[in-house]
Every structure is written in structure tokens, then in C-alpha cells.
2 protein chains.
Amino acid sequence: MWTKPHPYFYLYIYLVKDDAMKFEAATIKDIAKALGVSTSTVSRALRDSHEISPETKQLVIECAERLNYKPNPIALSLKEKRSRSIGLVVTEIANNFFSQIINGIESIAYDKGYNVIITQTFESYDREVMDVQFLASRGVDGLIISLSTETHDLSHLKALHDRGLPIVFFDRITDEINTHKVIVDNYKGSFEATEHLLQMGAKRIAVISSSEFLSITKDRVAGYKEALKMHGMEPTDELIHYSYYSGMVFSEVEEIINKLFTLKHKPDAILTTSDKITTGVLKTLKRRGIRIPDDVALAGFSNTDIPELLDPPLTIVQQPSREMGEAAVSLLLQMIESKRPIRDFEKRMLSPELQIRASSVVKKKAGKKPSGK
Amino acid sequence: MWTKPHPYFYLYIYLVKDDAMKFEAATIKDIAKALGVSTSTVSRALRDSHEISPETKQLVIECAERLNYKPNPIALSLKEKRSRSIGLVVTEIANNFFSQIINGIESIAYDKGYNVIITQTFESYDREVMDVQFLASRGVDGLIISLSTETHDLSHLKALHDRGLPIVFFDRITDEINTHKVIVDNYKGSFEATEHLLQMGAKRIAVISSSEFLSITKDRVAGYKEALKMHGMEPTDELIHYSYYSGMVFSEVEEIINKLFTLKHKPDAILTTSDKITTGVLKTLKRRGIRIPDDVALAGFSNTDIPELLDPPLTIVQQPSREMGEAAVSLLLQMIESKRPIRDFEKRMLSPELQIRASSVVKKKAGKKPSGK
DNA sequence: GTTGAAAATGGTAACGATTGCGTAAATAAA
DNA sequence: TTTATTTACGCAATCGTTACCATTTTCAAC
């Protein structure tokens, strides 16, 4: 029996709705109800199935637009066991190399209807494991990862790989898991940079690299050594140093510089093999009043967008980071969308670019070496 | 009737599994089946409900660990209408200001069990709308956003706000939507920078700012103007310029510099109000051979981590970006987790820091102004 | 020995979407 | 007219989880 509601009734409804409503998008059910058809019909109409009459389709599509219907990706993920999202694990976003990688990945992923979930490890193994497990539990369809410096045990990734999750490694890769990999020619990059320093007349080139356990470190140091040998010099351990946290911990870099500059024979050039190490060295040298390139020449791997604004302008080995991201995501999507499991994997190697600037170009003063061309 | 399978049978099974298996995590059903109980019991046991006997709980928990059970967040999202994830919209990741913001946000979000989905607009309105709708459809529980320069119409955000989606604005905010906001004291930042330039003896300070439609631009230019007035100078339009894409389009900056340096009375100092503009101006000035600070002093908003490595070392107004991120996410989580709708919103204003370096410190040569302490 | 309440567990319907199967009506072939 | 075949749609299961509503068992009180 109907009784006129108390005036507060309306207010109450309003409050309750305001609180509970949170966020209600139109569903397939709403369309079905509005049109007096079943949800299956709506679903099929929207997917343009042949078993729905043109008129019904028309009706459904119009109604969907009217209600601003958007399929619910969460429901789809649950049903289809695919999320159309891919996971990305990088060291840190606040590093141009990685943010450019991200841009490369996203540009392609978005085009293909995938979204990218980005996580950072800050070089921590624990964070990496957490990140990877988080992404897996979120149901990503694939994973793109550059290993953290602390990662020596790969079981967290092997488990996923064994279960069939597509994975692509880039930058810091591993031999222990057989899948697609994307890197630059690290050997070539440091070979050329070293050779350049030699041509500038350097006699004692020190190298400061990332953790010696990282794949990139091995290649980059190898390139350095080979360049020395090719020019008749023997690499010495006292000039080869490793920064375990890749320059992320500034004191590591400072200590290495301290060591180098208390040597009897000080270096006359330094090759650095990662972004943070490069800027860390530059900072330390400036603080100590060591002149570049007069006292020591400097060249290093870096993807900064302002190498020419530094003092001195920096000679860098630049990685085609955007292209690397594009390559990585292309390979990953190829794996994800392939029907048959892939057995042949590719290690795609891109070319770094040596950009020569003042930090390595020694003005000929006491220089007695003609230094080629 | 059983017949011995053909030898290939096993191989076939293997292939099919290999192909289809993709990725099968243990579910609550597996536990239920293994233990011969119902899924409801398992669910309750895992959530430590009082209506499950201690022995059963024990059994379930052990089994869950044995099977490495992890609740499926996707199923949970669907059921609970919350995803424990928050959406972030920034201009671009490859900008220290934003990557530091991200770190601030993530540090707190992860602690509280939320994950962050990052999207970039690259200053494009269309991208912003896409990003926001993508995040909404992904069922984020809340949104943190810094508006793109092209965004004049806010209906995409108003719609979500009206539906009750918690939103926090930071950096580039708007008055049109009533919610929490986090900014730095932009007025103060540029006031102090301008005052500093004045104290260094500058007579004609130009300002190059972002789009004049952005909230930050208004405040920053206002601070600049007020500082001039306080020191008895009248702002002139010929010294006030706007880069619509905030320095993202380099030619904009070049043109502005061109204009400024073809004036009859050239500026003797420049204040830049965003990261990209600051480095863009530095680059342009260097290319044109204009000496800093001798020909023109330079100070600008920037969050670069290497201001002291630039040539010259850069005077910057630095924003406490990490803290801004932390503040934004704290406010957002507070909104998300509040039972009652929030009616009182906060505009939290943090203090920027003026770091003085050589780019603005004019060596007293022809300088006749004592310029105080 | 009923009756009652409490304790422990099961069944089932959601959440939003897809899909195989069933089936009514309409048309075509016999 | 009868039998196939097509067309166009509905029903119900499914994905993993939770929550409401039974139902069963246990044990105590009368």
C-alpha cells in the first residue's frame, strides 16, 4: 500500500546513490534490457556475427552508442584469459634510456590495442621478483624486461617462461632463458669509443663499467679490451673498474675515481659504460677540479638528450633506445599472437652511435701523436 | 573399449598442452577439489572467517601454499568493482619532473597495495581523452592527472568526476572541477627567481612561459610581474612570451629567442618557466653564441638532476616533485578509501626551491648596481 | 527425547562478456 | 504436404571469487 514518502526520502536516495554509485558504465545487459533481447544477441550483434539480422544489429549498435557502451576489459580478461596488456620491467623510469625505450614500446603496443604496465626495479632483485609476480598475477600477455644488477637467480622468470608466458629481454639479457632478445652492439660501441680515445692520443684509458655480472658489462669491457689490443696495448686491471649499482649509488663512482687518481700512472682518458656512471664521473671530476679533456678525456654510454649542453659537451655512445623498444615489443607481440609455440628465437642487435664532442677531443698542445686523420 | 593409443598420441597431448597451457595458476577451485570441500569454504578460510573451524583453515592454508595459490586480481576486480589500481596521466615520462612524481606516487601506492598505470599525453588533448577513457575502462579506482597544454575542454574528466571517480590534479590544475589539487607555489617560485635576477642587476628580464591557458603559467607569470613591480619596474608585453607546447616543440623556443634578440632593447636576463623551455633556451643561446650570464642571465624552472653539470651551471627553481607525487597519491587514496563522499577539498601547495648557480650570477664588470647582499 | 541455538560447511547467484548448443520460425527442396 | 535447411535468436555455462541463504551436524537445555 502506497504512502507518500517522507520528504527526507528523496534526500536519502540521493545520498545512498551518491555513495554507492561510484562508477557505473553501461553493460551489455543494459542494452539487452533496453531492446528486449538477450545478452547473447547483443554480444553477437556488436561483434558483427552473421547470425544476427541486419535490423537487429543496427538497433543494438545505435543503442550501444546512445548508452556510450564500452566493453569491460576486466570481464574480457577473465573470460578470455588474455588481458591485452604487456608488462615492462625497467631499472628506473627517470633515466632517458629507459623512458625512450618506453616510448618505443608504447607507440607500437597502443597501435595494436595493447597497453603497457610499467614497473621499476631500482636495481633491486627483490623488487624485480615482486614486479614480475605482480605483472604475472595481473595477467599480462607477455613480459619485456631488462634485468636488475642484483639478479643472479632467474627462477622467477624461468617459472613463467616454462608456463609459456612470452618474454623478451632487452639491454641486460641472459643466456639462461631461450627467448627473443634485443640489445645494441655493446662490443662495437665501446670498441669504437675506445678507439676514438686512442686516436685522440690517450695512452692510459680507464673503463668504469656496471656490475661485471651483467651481460652488457661483459660485452662492453670486451670491446674496450680488444680495441686496446688492436692498438698494441695491454689492458691492465688497475684501469678496469666496476660500479655494482651502475652509478646509481654515487659514492661508488666517487671511490673509483679516487682510486684511479691516486694511481702512480693516472689515466688520461675514461670510458664509462652507463648513463648514470657517465654523469657521476663528470660530476666527480668537476668537483675535484680535474679538467676535461685536458687532464683526462671522457667518453661514455649515455642517452641524455642534452649532451651538448654539458660542460664540456660530452662524447657519448648513444643507443637507439626507441628502436630497441619498438623491436622488443614487436617480437613480443609476434610471440603472443602466434598460434604455434615459437622454437626459433632471435637476438636482435642494433647499432649504437658514437657522437664525438669536446669531452674527448684533446687540443693538440704537448700532444706529439699525430693521431691519424 | 580401450585400445592402446598410437605412439604419436602422447606427442599430440604434449603439443596441445604446450600450446594451450599458456599460463595456469592455481585457483580456489583447485584447492577445493584437492581437499574435498567447497569453494566457499576455501574462500572463507583464506579470508580467515570466524565461521570456519581452525582445522579446516589450517588445511586450506597449507594447501594454498603448496599449490602456490595467488588470488586472481582480475576476478576480484570484476566482482568487487575495484581494481586496487590508480591511473596516472602525465605529459611525458622522459621528463625528470614527471618521473620523480611517478616515483613519489609509486612508493606510497605500492605500500598500500595499489598499483599505478602510467599514461602519457605528449601535450595532446586527444591523447589525454584516450588515456583517461582507457584508464576508466580499465576500472582504476582513482585518477591523478596533470592536464595537457591542449586541454581546454574538461568534459571527459567532468563525466568521470560526476560519476564519482576520485580524481586528484597536480601541477597543471583547473578550477572547473572541485577536487583535491597539488601544486607548488608557482607564484613564489617565479617571484623569487625574478627578484634574484633583479638583484644580480638585470634591467630587462624576459620571461618565456608555457601556454598562457595553463594554470601554472598564469601563476608563474604573475609572480614575475609582481616582482618587477615591487622593484619599480613595469612589465612589458614584448618581454613576455608563451611557448604553447612548453618547449616540446623546439622551434617555438627558437622563434621566441629570435624575437627577443631582434628587439631594440634586448633582454639582459631570461626567466623560463618549464623544464623543456629552460634547456631549449640554453641550447638556442649557445648556438647563437650568446654568452651566459654575461650577455644574458638565465634562470628557470627545472627538475634536472644535473643542473651543475651544464654549461653554465644553471640557476633553477626546483619543484619538490617526489613530495608532490606523495601528496597527490595520499589525497587520492584517502578519497578512494573514504566511506562517505568527500565535500571539502584541499589545494595543497608545496614550496619550490631556488638554487642559484653561475647562469644567473653576473660578474660585476660594468655593473653599477650594488645589488645588496 | 524433543527442541533450539550455535557452529561449520555447501549451494548458488552474482560480476560482464562470450559461445556452444538448442530451437522456433521461415524458407527451400522433395 | 512432408522433410531439410537456413535464419535468428535464447539459454546456460564459463572465467575466479565472494556473499547470501540454506543445510547439516553437534551439543546443550529443558
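We name chains A, B, ... by the order of the sequence lines, and we start the count at 1 in each one.
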Looking at every strand, decide which applies to B/Lys57 at a 4.0 Å heavy-atom threshold: base, sugar-phosphate, or nothing. nothing

Atom-to-atom span, CD1 of B/Ile74 to C1' of C/dG16 - whole angstrom: 13 Å

Which of these, B/Ile177, B/Leu165, B/Thr179, sits in a side-chain contact (heavy atoms from CB on, under 4.5 Å) with B/Leu157? B/Ile177

Would you indicate whether B/Lys158, at its atom NZ, is surrounded by more than 12 heavy atoms from other residues, nucleotides or ligands within a distance under 6.0 Å? yes

Whole-Å gap separating P (C/dG16) and NZ (A/Lys33): 10 Å

Has the side chain of B/His180 got a donor or acceptor atom that lies under 3.5 Å from a matching backbone atom of B/Glu346? yes

For a 4.0 angstrom threshold against heavy atoms of chain A, report the outermost contacting nucleotides of DNA chain D in 5' to 3' order. D/dA8 to D/dG16

Are B/Arg348 and B/Glu326 within salt-bridge range, i.e. N to O under 4.0 Å? no

Assess whether a salt bridge exists between B/Arg127 and B/Glu92, defined as any Lys/Arg side-chain N lying under 4.0 Å from an Asp/Glu carboxylate O. no

Please check this pair: side chain of A/Lys29 against backbone of A/Thr39, looking for a donor-acceptor N/O pair closer than 3.5 Å. no

How many angstroms lie between CD1 in A/Ile167 and CG in A/Leu331, if you round to the nearest 0.5 Å? 14.0 Å

State which residues pass side-chain contact (heavy atoms from CB on, under 4.5 Å) with B/Glu51; sequence neighbours excluded, sorted by chain then number. B/Arg44, B/Ser49

Name the nucleic acid region contacted by A/Ser40, choosing base, sugar-phosphate or nothing; use a 4.0 angstrom heavy-atom cut-off, strictly under. base

Would you mind telling me which residue lines up with the more 5' stretch of DNA chain C, B/Glu80 or B/Val37, judged by nearest nucleotide? B/Val37

Taking the ring centre of each residue, are B/His161 and B/Phe169 less than 6.0 Å apart? no

Please list residues of residues 42-56 of chain A whose heavy atoms come under 4.0 Å from any atom in DNA chain C, ordered by number; otherwise none. A/Ser43, A/Arg44, A/Arg47

Between C1' on C/dC15 and CG on A/Asp30, what's the gap in Å once rounded to a whole number? 13 Å

For the pair made of NZ in A/Lys81 and C1' in C/dA17, what is the distance, rounded to whole Å? 15 Å

Atom pair distance, as rounded to whole Å: CG in A/Leu78 and P in C/dT19: 14 Å

For atom NZ of A/Lys79 and atom P of C/dT18, their distance in whole Å: 9 Å

Phosphate contact (C/dG10 OP1 or OP2) by B/Ser38 side-chain N/O below 4.0 Å: yes

